[in-house]
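The structure displayed is predicted, hence computed values, not measured ones. Chain A is the first sequence line, chain B the second, and so forth, proteins listed ahead of strands; every chain is numbered from 1.
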Number of protein chains: 2
Amino acid sequence: MLDATSSYNPMDLRIPVADRTGHRTVPETTRRTDRLPGTRYGNRPTMKDVAARAGVGLKTVSRVVNGEPGVTAETERRVQEAIEALGFRRNDSARVLRKGRTASIGLVLEDLADPFYGPLSRAVEEVARAHGALLINGSSAEDPDREQELVLALCARRVDGLVVIPAGDDHRYLEPEIKAGVATVFVDRPAGHIDADVVVSDNFGGARDGVRHLIAHGHRRIGFIGDMPRIHTAAERLRGYRTALEDAGIPVADSWMSLGVTDPERVRRAAREMLSGPEPVTAIFTGNNRVTVTVIRVLAGQTRPVALVGFDDIELADLLQPGVTVVAQDAAALGRTAAERLFRQLDGTLLTPERIELPTRLITRGSGELPPAD
Amino acid sequence: MLDATSSYNPMDLRIPVADRTGHRTVPETTRRTDRLPGTRYGNRPTMKDVAARAGVGLKTVSRVVNGEPGVTAETERRVQEAIEALGFRRNDSARVLRKGRTASIGLVLEDLADPFYGPLSRAVEEVARAHGALLINGSSAEDPDREQELVLALCARRVDGLVVIPAGDDHRYLEPEIKAGVATVFVDRPAGHIDADVVVSDNFGGARDGVRHLIAHGHRRIGFIGDMPRIHTAAERLRGYRTALEDAGIPVADSWMSLGVTDPERVRRAAREMLSGPEPVTAIFTGNNRVTVTVIRVLAGQTRPVALVGFDDIELADLLQPGVTVVAQDAAALGRTAAERLFRQLDGTLLTPERIELPTRLITRGSGELPPAD
DNA sequence: TAGAGCCTGGACAACGTTGTCACCCTCGTA
DNA sequence: TACGAGGGTGACAACGTTGTCCAGGCTCTA
């Protein structure tokens, strides 16, 4: 992972999973000597330099820079002049060390490139901005180890708070951090084995309603294609699917369900399988946006019309023929709610962890209203 | 912007545009007293605490934590034990102050929620990760002031480098920073008034090819709907459009062009206008993904078929009727290339600023091959 | 005129870490 | 026994900022 040929070699952020201290265990050879003293920060001027040039004390410069009272207009002018002349900019690293707050929060999600997480991330950023904090992002790529590595690196940076979309299902490694005062909110999926704030969509209810919708339009054989049930959202949606069928007195056939398939090729195969055979499904419920998109492609190649309801809204869904009926969740609202709770934790106005469930919305556009064709 | 009712009040990151020092000018009343001494970082243990507990010197703890040689197995064991018992984690803020590198880079883009920037951002993150650095993201919302504010806040944090998708067209404010050693790469659009690394798509060539494609299919009256020409990409695409028409000897009518419209309502109106009147256009070239999506909706409501080529690929474009022909750019490649150049600057292996242009690709799917219907 | 009180400014320590350097101990050799 | 070499260890300063505290000069009043 580390590029040993590079001479840019900052502190290693990779934290071995077995190790909570944030220390490196990489071989000595990948390390480089420190930058020479005097070249740090490319020789940026400090407050001391400004003070010398303005002929005032160090603290006076600090006062001017921070807009603190107690400096005459004339002194302030001299200081400003020196600041301008030297191109001084306050070093927030030192400030952070002194003040104990970093004014930054961390967001660990699955994949920044996923259209579902973009709006979520942006919403978190906006709330952070409103509170004067910057946002540090990281993608876990659905890998629990990488999630932990990222989270602990952020803790070592002493971010004030964490918004985490969990990849793993055990977050006890965060206990010491939370105890030490790192505000933490889990989004989209709950935390594992620890008591923490959680903001999720009503995955169960949404999936159940989506499948009920298909049943209401006459379908009895309904397929389900979703992610690995070890992912909480996937499991909940599967549970909603099962519940809807059971409530309607429809026994579920194993051949209708495809779990844990995620790459397009396997999704295609799974869809084709449940659409063939002696008792093919007449409708499909898809467990997330990526699966939906792939299944749409498969259905476009079918002669017989097959009904479809997907979890997550997708762009242009209304322009397809037929329009795609979906169970939509509000990604931005998830992010916003989570971030707001985070800052309320930091305020101290929020004390007991809570689980918040945001409603989903069924959007009918045609594909979910097709009658069964058998 | 600052939430004065909140008791979480970290250092203000908003930097007045007229002021380069990073100091605050907000009214005194929004400030709070410092956290009480002793409560900083929620009372996290330091190396000193670990040293005391293990009965060793401070420096020995540092050595163990950093995997430096020269510690006996027995001493190391005692230190590790103390680390474990106290839940110590190294404070990277202090480390950063001492070492002069932050192992983080900043990415300022327009909107994290835009499907074009998600993959770009992810690509930058991956490269950063490979170099052991974290990524701090910020959205400028296409506001030059906000861009500058963000960039300078990141500089105050002493990020090692910056990847910037400019919103403004004057970046002289970055000169002192670059001189001070902050690596900088501009992506998607060039920097204004400074000499810096730039990675862009071939906006001119892509647009020209797209419009040529329409001309090759018999169109003579071709509309253009794009963003404000003050945005470099928009201007380049407009230039490509004009060039293609001129090369074909087709005089351009003002009524065919709609510039600077960006919100869906105005895009709709602009499209309808160029589709009505005595000499309606028979084809439209759209300047970016958002405009394309809106125009698709308008065209879906038209009885007469109108050809369409859009800049930027969009998801599901192949499943629409007809499929949408686009000029695609590779967002991930833009991000990757930029980030790699950034780290080469930090290496010192990259000395002179360069302009890199990545090719675009015309993807024909049907909408661009419709013949003119007049 | 003296004392009180305010305004301005600066010296100093502290935040938690790392680099430098010197110390001590052990071991091997003269 | 004395001495040098070398490995393990810790004291100390420094990174750049901010909070505390105090000094000196001023104004105002009794």
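- With sequence neighbours excluded, the residues forming a side chain to side chain contact (heavy atoms under 4.5 Å, CB included) with B:Arg63 are B:Lys59, B:Thr60, B:Glu68, B:Val71, listed by chain and number.
- Partners of B:Thr184 under the side chain to side chain donor-acceptor pair (under 3.5 Å) rule, at least two apart in sequence or in another chain, do not exist in this structure.
- Between B:Asn91 and C:dC15, a side-chain N or O to OP1/OP2 separation shorter than 4.0 Å is absent.
- Listed by chain and residue number, B:Arg77 satisfy the side chain to side chain contact (heavy atoms under 4.5 Å, CB included) test with B:Glu81 (two or more places apart in sequence, or in another chain).
- Annotation: the terminal axes of the helix from C:dT1-D:dA30 to C:dA30-D:dT1 meet at 60°, where each axis is the rotation carrying the C1' atoms of four end pairs onto the next four (5 pairs per end, rounded to 10°).
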Look for any protein N or O under 3.5 Å of an N or O in nucleotides 8-12 of chain D and output each such pair with its distance, or none.
unit_1 : atom_1 : unit_2  : atom_2 : d
D:dT9  : OP1    : B:Thr72 : OG1    : 2.8
D:dT9  : OP1    : B:Thr75 : OG1    : 2.6
D:dT9  : OP2    : B:Thr72 : N      : 2.9
D:dT9  : OP2    : B:Thr72 : OG1    : 3.3
D:dG10 : OP1    : B:Gly57 : N      : 3.2
D:dG10 : OP2    : B:Gly57 : N      : 2.7
D:dG10 : OP2    : B:Thr60 : OG1    : 2.4
D:dG10 : O5'    : B:Gly57 : N      : 3.4
D:dG10 : N7     : B:Arg63 : NH2    : 2.6

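- Side chains of B:Ser121 and B:Asn137: a donor-acceptor N/O pair is present below 3.5 angstrom, by distance only.
- Contact annotation: A:Ser62 does not reach the phosphate of D:dT17 (side-chain N/O to OP1 or OP2, under 4.0 Å).
- At whole-Å resolution of the value, CZ in B:Arg89 and P in C:dT17 are 12 Å apart.
- The separation between B:Arg101 atom CZ and D:dG16 atom C1' is 18 Å, rounded to whole Å.
- Residues satisfying the side chain to side chain contact (heavy atoms under 4.5 Å, CB included) criterion with B:Ala338, sequence neighbours excluded, are B:Val163, B:Val185, B:Val187, B:Val199.
- The side chain of A:Arg95 approaches D:dT18 more closely than any other nucleotide in the set C:dT18, D:dT18, C:dC15.
- In this model, a side-chain donor or acceptor of B:Arg98 finds a partner on the base of C:dT18 within 3.5 Å.
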Worksheet item: Which is it for A:Asp197 and A:Gln345 under the side-chain hydrogen bond (donor to acceptor under 3.5 Å, both in side chains) test, yes or no, and what are the steps along the way?
Response: CA-CA 10 Å; A:Asp197 260 313; A:Gln345 280 184 32; 2.7 Å; yes
